[in-house]
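Okay, so here's the structure we're looking at.
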Amino acid sequence: MKIWKWSTYGVFLIVSILVIYFIDLAYFGRKNDKQKKVCYFLSYLVLIIFAVTRNIEMYPPASTDMQTYIYFFQSKLTDGWNWKKIITFNQWEPLFYQMNIWIRYFTDSYRIYWFILFSIIAFGILYFFVENYDNKIYINFVFLFIINYIYSMVALRSGIAVSICLVAFIFLKKGKINKAVFMILLATLFHYTAIVVLPGILLVRFFEKIKRNKVLWVRILVIICFSMILFMLPILQSLLLNTKYSAYLNFSLTILGQMPIIANAGLSLLFYKRIYDKYESKIYLVNLSIYNLLLVPIAINFGAYRINDFFLIPRLFVWGLILECIKDKFFSKDKRMKKIVTIIGFILALIWLTKIIYGMKEYGIMPYYNEWVYYEKIKSFTNYS
């Protein structure tokens, strides 16, 4: 049912705002660790209840990818999976396949299946927030994290991979590079696309080691890396021809659709020194956004839209930094204009959220039905192929 529902959009917005409210309350409204943990648990509870109590049986058969995941899980099918083909990138990722088998050993309930997998997804998102949400300047944008979460309700494998990468980014922040690399490789075993994040970890680490003329050298390296990626596009295309991703070679994305990523990284480079001086602990997020920019030619030429999902939540924090830099640079003494700019930022974020969700309705995320509110079983998952 690929139709727009304002009621569903409202549910998405409420879930997002509730999660951010509890996270904000944990950091700014609670003093002791016990109260903070309660707030974080409530955030987790909102996300889990939202995902696990979804009434997917209201949907017509084969109308959303999640039904396929459930069908393979309940039917103990492996989609012709073969360990000997692991390096061909022509089948489901090995760890996702194995996790399906492990869970199926003790249950055929897809809600328990959801509970386990969405707990992984929720943990990655919330852990990233716990480690980075330390300033209210982010609140205008971070509620857009819901885009990643609702997309994982369709694309389960990539949702898990994205959340594991978020944990890897925290290890990167803490300078634990080996653990960050390990987490990226782990994410790749859930979705092969995650492998593109690995060079970013190394590049960000390299940026951090630059001490003299930092801004200049970062900009020079961005130009060099961008040129190298453009040169390597034909090579990458030939490598993808014999994998399951060859199907995406017939598609391409538009530059216009990539403008938020380009603008995010471009403004980050413009305000790089200001951000580094004032928010040094968050410069790794800026560097991740810049790396996302370097991947834009790959995303456009190969229709690799999932690449950008790995950097969505870091970009939201960077937007908060950019907005603060704009206010400081142009309206440092005008509190009224600062408030106006803040409101404009929030409105633009809300418009962008609406646009993205409107486009995502094609993936079968609308309308949202809840098991506790309305129940009607249309057809068993195991009765269709």
Side-chain angles (χ1 to χ4, degrees), residues 128 132 135 137-138 140-142 144 165-166 168-169 172-173 175 180 196-233 253-301 304-305 307-332 338 341-342 344-345 348-349 352:
F128 188 86
N132 285 289
N135 195 314
I137 64 173
Y138 310 117
N140 266 22
F141 303 97
V142 290
L144 271 72
C165 285
L166 291 175
F169 295 156
L172 173 64
K173 174 188 176 184
V196 301
V197 180
L198 185 57
I201 296 291
L202 304 178
L203 185 64
V204 169
R205 183 60 174 169
F206 185 73
F207 283 173
E208 290 175 353
K209 288 184 175 295
I210 300 173
K211 300 301 180 184
R212 298 182 62 183
N213 299 318
K214 190 178 186 73
V215 178
L216 175 63
W217 278 110
V218 166
R219 291 172 179 172
I220 291 173
L221 286 171
V222 166
I223 295 172
I224 293 172
C225 292
F226 196 81
S227 302
M228 288 175 61
I229 288 174
L230 289 176
F231 176 77
M232 291 175 61
L233 286 178
L253 305 179
T254 64
I255 294 179
L256 183 62
Q258 303 298 298
M259 281 310 297
I261 295 161
I262 297 171
N264 187 275
L267 290 170
S268 296
L269 285 167
L270 182 64
F271 293 116
Y272 196 93
K273 187 178 186 306
R274 187 180 291 266
I275 294 173
Y276 182 75
D277 290 342
K278 192 173 180 180
Y279 308 101
E280 185 178 353
S281 66
K282 297 296 186 293
I283 200 67
Y284 84 102
L285 296 174
V286 173
N287 291 334
L288 286 171
S289 172
I290 292 170
Y291 177 67
N292 191 185
L293 172 67
L294 297 178
L295 298 176
V296 164
I298 297 175
I300 290 176
N301 283 274
Y305 56 90
I307 287 176
N308 299 327
D309 296 341
F310 292 95
F311 305 96
L312 171 65
I313 294 179
R315 287 201 312 271
L316 299 179
F317 281 84
V318 173
W319 277 121
L321 296 171
I322 290 170
L323 189 66
E324 198 65 16
C325 287
I326 291 173
K327 290 190 290 185
D328 287 345
K329 183 175 177 60
F330 299 104
F331 312 106
S332 59
K338 280 187 174 183
V341 171
T342 300
I344 292 172
L348 291 174
W352 186 249

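Sequential numbering from 1 along the given sequence is applied to the chain's residues.
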| task | Using distance alone, with no hydrogens and no angle criterion, decide if Glu208 and Asn287 have a side-chain donor and acceptor under 3.5 Å apart. | result | no
Can you see which heavy atom on [X] is nearest to which on [Y], and at what distance?
X      : Y      : result
Gln258 : Ala299 : OE1-CB, 4.1 Å
Tyr291 : Pro199 : OH-CB, 3.4 Å
Val222 : Leu294 : O-CD2, 3.5 Å
Asn132 : Tyr284 : OD1-OH, 2.7 Å
Trp319 : Pro260 : CZ2-O, 3.5 Å
Ile322 : Ser268 : CD1-OG, 3.8 Å

Side chain proximity check, [X] to [Y], heavy atoms < 4.5 angstrom:
X      : Y      : value
Val318 : Phe271 : no
Ile201 : Phe169 : yes
Ile298 : Val196 : no
Lys338 : Asp328 : yes
Phe311 : Ile261 : no
Phe310 : Leu288 : no
Phe128 : Pro314 : yes
Phe330 : Val341 : no

| message | For the backbone of Thr342 and the side chain of Asn140, can you confirm whether one donor and one acceptor N or O come within less than 3.5 Å of each other? | response | yes
| query | Within the side chain of Asn264, is there an N or O that forms a donor-acceptor pair under 3.5 Å with the backbone of Arg315? | reply | yes
| request: Evaluate the criterion side chain to side chain contact (heavy atoms under 4.5 Å, CB included) for residue pair Ile290 and Val286; output intermediate values, then yes/no. | output: CA-CA 6 Å; Ile290 292 170; Val286 173; 4.0 Å; yes
| message | Using 30° and 60° as the class boundaries, would you call the ring planes of Tyr138 and Phe317 parallel, tilted or perpendicular? | response | tilted
| Please walk me through it: do Met259 and Leu256 pass side chain to side chain contact (heavy atoms under 4.5 Å, CB included)? | CA-CA 5 Å; Met259 281 310 297; Leu256 183 62; 4.2 Å; yes
| query | Measuring from Ile137:CD1 to Lys282:NZ, what's the distance to the nearest 0.5 Å? | reply | 8.0 Å
| query | Going from SG on Cys165 to CG on Asp309, what distance comes out if it is rounded to the nearest 0.5 angstrom? | reply | 11.0 Å
